[in-house]
Amino acid sequence: MDLSRLCIHTITTRPWSLDVAIEQYSRAGIGGISVWRQALAGQDVRRAGERIGNAGLQVVSLCRAGFFTSHTAAERRQAIDGNLTAIDEAAALGAPLLVLVCGATPGQPLELSRQQIETGIAAILPHAESCGVRLGIEALHPMYAADRSAVNTLAQAIDMAQRLGSPQVGVVLDVYHVWWDPHLYDEIARCGRLGRLFAVHLSDWKVPTTDMLNDRGLMGEGCIPLAAICRAIQAAGFGGFYEVEIFSSTYWQMNQKQFLQHIIAAYTQL
Ligand code: ZN
């Protein structure tokens with residue numbers, strides 16, 4: 001069973017500390033780990049990166065920064081400073097990619113939020129370039145357009161990356177957020193052609209979904225055409241990791257070792 005291109009997000013096994021996650025992923029033969037910043041709280045980030053490397057795991061990304069929008073210039077400036085710190089953390093951890101959840105501010109037009117996002121990314125880009133950290137714009141499902149991200153389609157994310165014009169900026173494709181998009185397959189192909197497909201996040205959309213944030217399903221458990229999407233991603237020339245990112249109150253309550261076995265089984269079937 002080849003798990004060399006499987007990556008797990010630490011948030012997926014949230015009850016585990018970073019060290020337990022490292023040990024368990026490594027023992028299972030998984031190739032990669034994406035680290036959520038809360039898993040690093042209170043830790044020496046550089047040392048954490050060393051422990052990951054010593055366990056034979058590759059750091060795929062640091063999650064997450066962004067949230068560039070605000071009614072006030074002072075808060076937008078603060079957000080930029082926070083993102084610069086996140087880039088430093090990614091570099092210290094050895095993460096080649098920082099995932100951006102771009103932000104949205106209730107009551108503010110989405111167009112304005114998108115401008116603020118683009119301005120924010122442009123402001124942090126030179127630092128990202130000098131640190132060798134790539135920035136991945138993740139489009140979020142429109143159900144989050146009010147308060148989490150004004151970037152809601154793959155096309156918007158790709159267009160923004162193109163306008164920013166640096167090879168250091170690309171797109172994070174999370175199937176949970178974009179599976180419904182009528183232009184999905186065309187945009188996956190375009191993203192590949194442009195060399196901007198930086199990362200792929202996997203989970204499934206359960207029916208019914210009982211919580212907007214924390215009721216994601218294991219691959220195969222919901223209605224996302226995962227096999228077709230993964231074929232399109234492969235056809236677009238993507239050679240990176242398939243990252244399992246599942247926020248689930250249900251799965252966080254179960255035995256995490258068993259959950260990890262379920263993840264591996266679901267990934268293998270895919
Ligand atoms: Zn994601």
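Every number for a ligand or one of its atoms is a count from 1 in the order of the listing.
A donor atom on one side chain and an acceptor atom on the other are not found under 3.5 Å apart for Ser17 and Asp19.
Within the sub-2.8 Å shell of the Zn ion (ligand 1), the protein contributes these N/O/S atoms: Glu138 OE2, Asp174 OD2, His201 ND1, Glu245 OE1.
Within the structure, no pair that satisfies the ring pair (Phe, Tyr, Trp, His ring centres under 6.0 Å) test touches residues 53-95, not counting sequence neighbours.
A distance below 6.0 Å separates the ring centres of His9 and His201.
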As a quick check of understanding, evaluate salt bridge (Lys or Arg N to Asp or Glu O under 4.0 Å) for Arg190 and Asp159, giving each step before the final call.
CA-CA 10 Å; Arg190 179 164 77 105; Asp159 289 345; 3.0 Å; yes
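The environment of CZ in Arg47 is sparse: at most 12 heavy-atom neighbours from other residues, nucleotides or ligands sit within 6.0 Å.
A cation-pi arrangement, defined by a distance under 6.0 Å to the six-membered ring centre and an angle within 45 degrees of its axis, is absent between Arg216 and Phe247.
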